[in-house]
Every structure is written in structure tokens, then in C-alpha cells.
2 protein chains.
Amino acid sequence: MANDLNLGYNSRRIMASIRASGSQSRADLARSLGVNPATVTRLTTTMVGDGLLTEEADPRRQGLKGYPAKILKIEPTGLYSAGVYLDPDRIRTCVINAAGEIMANDELALPDRSFQSVMSAAAKSVKEQINDLGLDQNRVAGCGVSYPGQYTEDSLRVQRIQQFKDWPNVSIEQDLLKPYFGMPVKHTNDAKAACLAELYHGVCTDVEDFCYIWLSYGIGGGAVVGGNPHLGRVQGAGEWGGLFPKSNSRPSGQDLFDTLKEACVPIGKLNDIGLEHLKMPIVHSWRERAAKQIQWLCLVIARTFDPKTIVIGGTLHPQILDGFVDHMVLVSVLGEDYQHSLPNIVRASRDDLPELGAAALPIHDVTNPTAYAGKANKGW
Amino acid sequence: MANDLNLGYNSRRIMASIRASGSQSRADLARSLGVNPATVTRLTTTMVGDGLLTEEADPRRQGLKGYPAKILKIEPTGLYSAGVYLDPDRIRTCVINAAGEIMANDELALPDRSFQSVMSAAAKSVKEQINDLGLDQNRVAGCGVSYPGQYTEDSLRVQRIQQFKDWPNVSIEQDLLKPYFGMPVKHTNDAKAACLAELYHGVCTDVEDFCYIWLSYGIGGGAVVGGNPHLGRVQGAGEWGGLFPKSNSRPSGQDLFDTLKEACVPIGKLNDIGLEHLKMPIVHSWRERAAKQIQWLCLVIARTFDPKTIVIGGTLHPQILDGFVDHMVLVSVLGEDYQHSLPNIVRASRDDLPELGAAALPIHDVTNPTAYAGKANKGW
DNA sequence: ATTATTATCTTGCATTATGCAAATTAATAC
DNA sequence: GTATTAATTTGCATAATGCAAGATAATAAT
């Protein structure tokens, strides 16, 4: 399957419903999706046969009348996906299963920054993992690639990433990447990948509309509308960083980095920030100021996208990110004139592994109803 | 038809394609929609038979080889829709055809502000127009209702409008309005209705993703994502007004109104602003300041939704709105650190008739693919 | 003038996905 | 042991589409 795996629209809706609402009986699925029970039976029997779903007894249905429902759950071993995260100075790779569990992962130094070297090294690592795990390549949905940085606008609809300026323009249409990996490859930036990680394996599996605030060296993010990542005209949707002009202080990791440097507290990189730094007054006041800026950003998000949930995550020290969420939870009014209750503001759960979101990209392509690109003959 | 009119998914896609790209041959439709020519033939023949589409000779195809294509256009008389706009002190109603032409309209004073009186009066006016035009009720898709104001959050998902505080909570689910009109009724606020007017009969018929800045007494707006209005958690998506705290000066009609009042230039209502006011220095400086605020808003929109187009419209004096657009066109850089070209920023074309957008609501429901709610069995 | 070429449109047949209704199944309730 | 109940399955009908061959109406070539 996988590469020949071509799930129909309602099969994808079944996958989405189980991911969002958990394991369900066929009857439940039929009710919630508004399709005939017979249809669910037919679709799920092939899906169970293909190893995508598993049947098990319903523990909750003890003592009730009627035919005991058989519960359908997503079979972790039914589908796998590979993920690659490209740091400026290293490559992280992984293979995940359908449950979002890391089956294997690896970290390697960048050979050099040429497109060929980077992609060859990444592909080699991924292929090794698939081999070592003894996976059938047909069960691997594809490989996702993510990287830090925003997109720059070019002629045509081609994008380029700042960290790798000498790369050929990697377009979504012309697949430059597939030759390296020998399977479908999709790519996006780290923040948008983090979005997908939460949508598929994190705190937003049951949320149709949410926004993600991704705090790393820069301030990135993304928006999911109707269960689908919304990218925008120049792939700039949800790139909140631009709301904080670089000439001012801003709630970014680079800003904290610079603040520490000015205060003569030398750190090599963001990850070097430890508990001893968090206790420092200068960091404390930075966190207080940044929290207020994040609050303003949440207000802007609430007034633009008005999402159900706002997720905060990134590579900043977890305690700093936790602090931002705590700040928002303590706030009773989001901002001036904001008459509503706060949207649900939560901490990201899968921002520790940036390659996980990348790996979710092919899964999305293969199993999400909104990504369905088959013949369009919806209903009658 | 109409009330029994139940267009399938691909039939709706055909309507959408013709609306967006203009009259097309069946072959063009088949190519652009990615469906078989035979399918287009079958669907369009019934649609022509139902009077939704008309066939005509293709003038451009003179002198070319091959079977001369027959061009399909939307038949204006194939579908009608009624619209109601509720001002705080008057009711405006209209009936439009499928081409968005006003077939009849009316303006009446509010009898009183009770729900019953307002709805009865509006329904009576609409029914009279349908009768006078001699329309088959089955050709009327329904009635749309719009009104100024934002939604307030209530328990459950019920909304209420400030101007009509004593109204029963009008939910989208439980249809309180249908009994008055005897046909399907949908409602939304004036800004979101204006969005639809541009999407169906204005400057955004070919734009999948756009944002609308609606300037009236207040600052409203909306966002269309993937050809569908995005509403948000508390129907607050695109309500940009909240980005300008009321404690400060803001680019709203009320703010201009107050500015004039302070300068001892008494006007009764927004519509009283005439050319003589536009020449005044105080208005000039207000416009300059407001234009900068609108520019900032465009920057925020570009950094959140990143839409293809931003539409500016409303009930402010047209020259003021034109001025905002002109300001944006002259600006070469949208804002600090904004590296991209500007989104397309245009003047609304259908903001003169607020009831028009309301009338587009039922048309959207009946003909838009994204609003298709039939059995979900998209493709194989 | 006739034939070839071309592109659009249409029709017959096969296929896919689904709904409906009746039948089957496995539990509890009486 | 029989009735009731709810989930699931199966047989049959139906809707929507694709494919391929054919019909149609124009221009181009001979």
C-alpha cells in the first residue's frame, strides 16, 4: 500500500474522525459522518484488511443490550512516515508510525551546505532507518522535510530559504526532492511543520481551527483552518514575527540571546540557556515583557483568525514557553475591548522534535480529507 | 427548482468556475475542473434544461478548426434571491437575479424594534417584490438578512446583535426566521455580507483568499479562505475593529463623526458628509491619519491571513474610501520588515447596496461547492 | 468539390461508491 | 427459553463518473 495507498474521501473522513474523537464503533462513525452504516462497514473492512485499522472489543459496552460494538482504532504499524529537519548545522531524521511514535531517529552533522550533499545525507539516513526497521517501503507514506526560516517571494511561485541561499529554488510543483528519497517528498518550514505535529499527534487532534505561535530564534507560526494548513499568497500566513518589527525589542529567542549578550552573559546558542539563566533578574524582566507581547499577539490572532485554540511552542526553553501559557491563563481579559472569553491557549506537546512535524506532512497528504485530490464527484 | 434545486458537487464547481473565469465551453470546463468532458456534457445539459445556464455561440472561435465550441453562461433569470438589510432605523430589501442585478428594491421605516414587527415588515416587502416580478417561488434560492454590529458571545453558540438587544437569540441551527419568509433564510452581519457581495458579484469573483475591510460607523470586516467565508470561534474572524482600541482615535466613521463634532461641524449622520466637508483641513488631516492606520491594518492582515487581495469598502464617503486605496497603491513598502510585494489592495465595487450581500447568502448556499452538504462520497 | 484534419460535444457501457432494507449476530431482559 | 435490542453485514438498486468510440461542424489541403 502506501505508495499505491489511495484512500477515498470517506475513508479519509474515517481516519480523521478516529484521530480526532478516538476509537469508535462503525455505528458511531456512521452517525457522526452522516453516512450509511453499510458504507462504513465496507470501507473499514478494506481498511482493516490493509492493516490501517484494527478491531477490538469495546470495554465500555459491558452490560448493555444489543450486539456488542467492535471498536476501530488506528493501527500504529499500518502506516509509517519519514521526517527530516534541517538545522543550519545539523540534520535530524526520524521514522514515525501511524500513532506518531518515533520508531527510529538520527542526528548527523551537515557535510556542507550544498543541496546535493544535504539531501543525499538526509536520504541515506532515512533509508537506513527504514531498512533497519525492516519496513515495507509500501507502508511508508513518504518523507517530509522542514527547516527554519521564512519564505522569500520570487518570480513565479518559487520559494527559497534564507539559511540555504545557494539552493535551487525548491518548488512544490516540480519535485526536485523525490529523486533523492525515492518516495513522495513534501517540505515546509519548521513552524508550519510544528502545526502539523500538533494536528496529528499533539494537542489539536480534535481542533479544526487553531493558530500556532512558534518561538525559536525568530517568531514563526501557522494557522490551520478547517483542518487544513492555511498558507496564504506568499506562504506567509501565520508568520507572526513580522508583527514585531526587528528594530524594536521582540519576544524572540534572538532577542533574548542579544539581551543576555548585552548583559555580558555569554551563551553559545539558544539551547545553552539553563536553569541558572532563568533565575537571573535580566531574564525575568525579559520574560515579563515578552509575555505581554505574546498576550498582544494572542489578541491580534483572536481578532483576525478567531481560532478555537492558540498553541504556544518552539525551541525556547520549555519553562519560558510554559510561563507564557501560564501568563495567558491568569489573564482574565485578553485585551482592551475584547468582549469574549479567551480562546483556548495551550502549550505545544510535540515541539521537542522538529522532525516529527515534517514526518506528519506525508501522513496528512495520504489520509486527510481536505488533502483529497481524487476525482471530484462528491455525493448526489 | 430552487427550493428543490439540489446541485451536486460538480455542478456547483461548474457554476463557480463560470462565475470566476467567465463563460466557458464544456471542453474548457472539463479541462479546468479535471473531470471528463462527458461528465460536463451531462451536468450542463440538465443545468441548461433547468434554466440555470444558457448556451451561445463562441465569437472568439471564428476561423479556427474543429467543432465550434458552444459557450455556457450563467442565465440571469435562472435563479433569484432576496436580501434584507436591517439598519437601526430602516429596512432595505431587494430581489436580485443570478447575475447580481437588482430586479426590485424597497426601503421602509422600522415599525418598531420588536423581532416580530421587523421580520413581518421585511418578509412582506420581499414577498411583494417576488409577486410583482411574477417570479416562480421555486426559482428563489431564499432570503438573506444582514445587519450592522458584531456578535456577542453567549452560552451555547447563540449570537445576538447589539442594535436589537431584545431579540430572541437567533441561532443558525434553529431557524427562527423561516416562518416569516416561507423560504430558506440565512443571516450574517453587514461586513460579512459585503464580503459575499464582492465574492459573487464584485471584485473578488476570481479570488479564493481575500480579506475585506468594512468601514462604517464601526470597523468591521471578514475573511474568505478557500472561497468560503471564515467565521471563527465566536464569529469574530476578520472583525478588525478590535485591533483599534476604542480609547484611542481610530479609522472609523464614528471617530470621524466625533472629530467633526469636536470641531463644531455638526452633522446628523455619516451620510450627511458631503464634498464641502471633504475639503476641510480637519477632515484632510483625519484622512491622512486614518490612511496610516489602514496601512497598518493591511500589514497586520498580510502577516496573518496573507491573502491575495484586500478589499476596502463600507458606508464611509466613497472619496474617503477611494483615498485609502490610493494611499495603499502609492505605498511601495507595506511596512517595516515586510519583504514581499503588496497584496492586491482594491476598492469594493458593491458596497453601495448592503442588501445585495445579504441576497448573496442563499445563492452561496445553493451554488457554492464549499457549501455543499450532500452525501459525502467524493471520488474514487 | 472532395477529402483530410481538427476540436467539441455526445452516447453506450463499465465501474465505483453509496443508500436502503432486510437479514444476521450476539448481547441483555423477561 | 423467548423477546428485545443494537451493531453489523449482505443483496440489490441507484447515482455519478470515466473511458472509448462515434457524431458533429468547422477549417485546411488536395
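Hydrogens, waters and symmetry mates are skipped; everything else that's a heavy atom, side chains included, is used. Computed from a prediction, not measured in an experiment: that's the story for all the values here. Protein chains get the first letters and strands the later ones, always in sequence-line order, with residue 1 at the start of each.
A side chain to side chain donor-acceptor pair (under 3.5 Å) check over residues 36-45 of chain A, counting only residues at least two apart or in different chains, returns the pairs A/R26-A/T44.
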Sugar-phosphate means primed atoms, P, OP1 and OP2; the rest is base. With that split, encode nucleotides 5-12 of chain D 5' to 3' as B, S or - using protein heavy atoms under 4.0 Å. BBBSBBB-
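Note on A/T39: every side-chain N or O is 4.0 Å or more away from OP1 and OP2 of C/dA17. Residue B/N10 has no polar side-chain atom (N or O) positioned under 4.0 Å from OP1 or OP2 of D/dA16.
A straight line from CG of B/L43 to C1' of C/dT10 spans 14 Å, rounded to a whole angstrom. What separates CG of A/L33 from P of C/dA17 is a distance of 16 Å, to the nearest Å. Rounded to whole Å, atom C1' of C/dC9 lies 11 Å from atom CG of B/L72. Across the protein-nucleic acid pair, B/L29 atom CG and C/dT8 atom P stand 12 Å apart, rounded to whole Å. For the pair A/D58 CG and C/dT28 C1', the interatomic distance rounds to 15 Å; values are reported in whole Å. If you take CG of B/L7 and P of D/dA15, they are 16 Å apart, rounded to a whole angstrom.
Here B/K70 pairs with B/E55, B/Y67 under the side chain to side chain contact (heavy atoms under 4.5 Å, CB included) rule; sequence neighbours left out. Listed by chain and residue number, A/N97 satisfy the side chain to side chain donor-acceptor pair (under 3.5 Å) test with A/E101 (two or more places apart in sequence, or in another chain). Legend: residues meeting side chain to side chain contact (heavy atoms under 4.5 Å, CB included) with A/A359, ordered by chain and number and at least two apart, are A/S81, A/C94, A/I96.
Under the 3.5 Å distance criterion, the side-chain polar atoms of A/T367 are matched with a main-chain donor or acceptor of A/I363.
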Kindly list each side-chain donor-acceptor pair under 3.5 angstrom involving residues 195-206 of chain A, sequence neighbours excluded, with atom names and distances?
| residue | atom | partner | partner atom | Å |
| --- | --- | --- | --- | --- |
| A/E198 | OE1 | A/V203 | N | 2.9 |
| A/E198 | OE1 | A/S349 | N | 3.4 |
| A/E198 | OE1 | A/S349 | OG | 3.2 |
| A/E198 | OE2 | A/S349 | N | 2.9 |
| A/E198 | OE2 | A/R350 | N | 2.8 |
| A/Y200 | OH | A/H364 | ND1 | 2.6 |
| A/Y200 | OH | A/N368 | ND2 | 2.8 |

